[in-house]
Protein chains: 2
Amino acid sequence: MSEALHILKRHQLSNTDSRRTVLEVFLQSESALAHQDIERETGERFDRVTIYRTLQTFIDKGIVHTIPTADNGTKYALCRENCSEGHHHDNHVHFICDVCGKTSCLDDVAIPSVRLPEGFSVTKIDMVVNGICVECR
Amino acid sequence: MSEALHILKRHQLSNTDSRRTVLEVFLQSESALAHQDIERETGERFDRVTIYRTLQTFIDKGIVHTIPTADNGTKYALCRENCSEGHHHDNHVHFICDVCGKTSCLDDVAIPSVRLPEGFSVTKIDMVVNGICVECR
DNA sequence: AGTTAATTGCAACTCCGTTGCATTTTAACT
DNA sequence: AGTTAAAATGCAACGGAGTTGCAATTAACT
């Protein structure tokens, strides 16, 4: 059984053409993908709306997580750790290369803790680093 | 001379109704503002486009900086430190309260340094913390 | 194979931000 | 103050991102 199929099964998602194909695109990609990238990589075979809904389903199930981009867009990447339904554990730094534009999860770089002023509590932290990646330097 | 006027003078910006009014809104606000907030606070007196252009001018001049929001929007806040033309020094953590929704600059909370893998260089770091602010707890 | 529920595609829509252009306002200079 | 050139504004129109309702299609199960 293919990896993609396995993931769908594990999350009790029905095996549809678009879900399988979108998952395969993620599995073959090293960097995070924008909605447009996915449209292109799937060969324009699926409706925009279908891809949006597929992505939303994957997010709900903890299969992918989102990454905010500098221009107020969203990119999507597979969750490495075991994210559970409705709760993500993507406590890692996201990196955007200024040269190649690729967005990637630095899975091994944990977000450092930060001391907030008295009375503030934390539920979520996003850290996005821009710079030049190891490929482009 | 009003504070707003002073800021405009200092950055060699002509003193127009919209610029003065938008600046005054910022000066009177504790939290960061979305474009919509500014439209409302200025009494719908200016065209959307004018406000967008005014904000862009302020960003270019280092008067305000942007803050990404969770839903891929943008908020704007005055720069406290002296940002120079074309270069911002907003090296502080941004905080979004899950209860009141207000976005604010934690000017006193510096972004902690982070160790990236070998070969990666850094040009910019964004850190956005979600949680509950001191007012809402 | 047939039934039911889930998924998809299509059309339409909202929202955010941008661009071109004609009109108005500002600022600088008599 | 009046003139003028440059800058700023308002309007209309556009483009992209994401959403919603609904009818048609497909998957999963007996």
Side-chain angles (χ1 to χ4, degrees), chain A residues 1-2 4-23 25 32-61 63-76 85 101 103, chain B residues 1-2 4-25 32-40 42-61 63-76 85 101 103:
Chain A
M1 176 158 56
S2 80
L5 208 50
H6 183 71
I7 294 173
L8 290 177
K9 273 264 162 62
R10 184 148 48 87
H11 291 90
Q12 297 157 32
L13 290 174
S14 54
N15 165 24
T16 69
D17 200 6
S18 71
R19 286 183 183 158
R20 228 181 319 103
T21 311
V22 171
L23 257 185
V25 168
L33 299 167
H35 176 270
Q36 269 202 346
D37 300 329
I38 298 168
E39 271 194 299
R40 183 169 22 79
E41 293 296 319
T42 54
E44 322 276 346
R45 206 143 55 81
F46 305 103
D47 194 83
R48 297 174 342 105
V49 179
T50 300
I51 293 177
Y52 276 118
R53 288 198 267 232
T54 300
L55 289 169
Q56 191 54 55
T57 302
F58 287 173
I59 291 166
D60 293 344
K61 290 288 185 177
I63 299 171
V64 306
H65 63 279
T66 58
I67 307 168
T69 66
D71 56 342
N72 286 327
T74 305
K75 294 210 172 187
Y76 306 85
E85 187 149 349
T103 300
Chain B
M1 177 159 53
S2 81
L5 208 49
H6 184 72
I7 294 174
L8 290 178
K9 273 264 162 61
R10 184 149 48 89
H11 291 90
Q12 296 157 30
L13 290 173
S14 53
N15 165 25
T16 70
D17 200 7
S18 72
R19 286 183 183 158
R20 229 180 319 103
T21 310
V22 171
L23 257 185
E24 269 154 16
V25 169
L33 299 167
H35 175 271
Q36 269 203 346
D37 300 328
I38 298 168
E39 272 194 298
R40 184 169 21 80
T42 54
E44 321 276 345
R45 206 144 56 80
F46 306 103
D47 194 83
R48 298 175 340 106
V49 179
T50 300
I51 294 179
Y52 276 118
R53 288 197 268 231
T54 299
L55 289 169
Q56 190 54 56
T57 302
F58 287 174
I59 292 166
D60 293 344
K61 290 288 185 176
I63 299 172
V64 306
H65 63 278
T66 58
I67 307 168
T69 66
D71 55 342
N72 287 329
T74 304
K75 294 210 172 186
Y76 305 85
E85 188 149 346
T103 300

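Keep in mind that this is a model prediction, so the values were computed, not measured.
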Practice task
Would you indicate which nucleotide in D:dA17, C:dT8, C:dT26 comes nearest to any side-chain atom of A:Thr54?
Solution key: C:dT8
Problem - Closest to side chain of B:Ser14, choosing from D:dA7, C:dT8, D:dT9 - result: D:dA7
Problem - A:Tyr52 side-chain proximity, nearest of D:dG10, D:dA17, D:dC22 - result: D:dA17
Handout entry: B:Ser18 and B:Arg45: side chain donor to acceptor below 3.5 Å
Key = no
Completion exercise
Quick note, A:Asn72 side chain, CB onward, closest among C:dA6, C:dG17, C:dT18 is C:dG17
Handout entry: Gap separating the CD1 atom of B:Ile63 from the CG atom of B:Leu13, nearest 0.5 angstrom
Key = 5.0 Å
Exercise for the section: May I ask you to say what B:Asp17 touches in the nucleic acid, namely base, sugar-phosphate or nothing, with a heavy-atom cut-off under 4.0 Å? Expected result: nothing
Completion exercise
On DNA chain C, more 5' by nearest nucleotide between B:Leu13 and A:Asp47 is A:Asp47
Exercise for the section: Would you mind reading off the bend of the helix from C:dA1-D:dT30 to C:dT30-D:dA1 from its two end axes, five pairs each, to 10 degrees? Expected result: 30°
Practice task
Check B:Thr66, B:Thr69, B:Val64, B:Leu33 against B:Lys75 for a side-chain contact (heavy atoms from CB on, under 4.5 Å) and give me the one that passes.
Solution key: B:Thr69
Handout entry: Closest nucleotide among C:dT18, C:dA12, D:dT20 to the A:Arg48 side chain
Key = C:dA12
Practice task
Using a 4.0 Å heavy-atom cut-off across all strands, classify B:Arg19 as base, sugar-phosphate, or nothing.
Solution key: sugar-phosphate
Handout entry: Candidates C:dT26, C:dG17, C:dC10 - which lies nearest the side chain of B:His35
Key = C:dG17
Exercise for the section: Round to a whole Å and report the spacing from CG of B:Asn15 to C1' of C:dT25. Expected result: 11 Å
Exercise for the section: Please work out if A:Thr74 contacts a base, only the sugar-phosphate, or nothing of the nucleic acid, heavy-atom cut-off 4.0 Å. Expected result: sugar-phosphate
Problem - From NE2 (B:His6) to NZ (B:Lys9), nearest 0.5 Å - result: 10.0 Å
Exercise for the section: Please tell me which of the listed nucleotides, C:dT19, C:dT8, D:dA8, lies nearest to the side chain of B:Arg53? Expected result: C:dT19
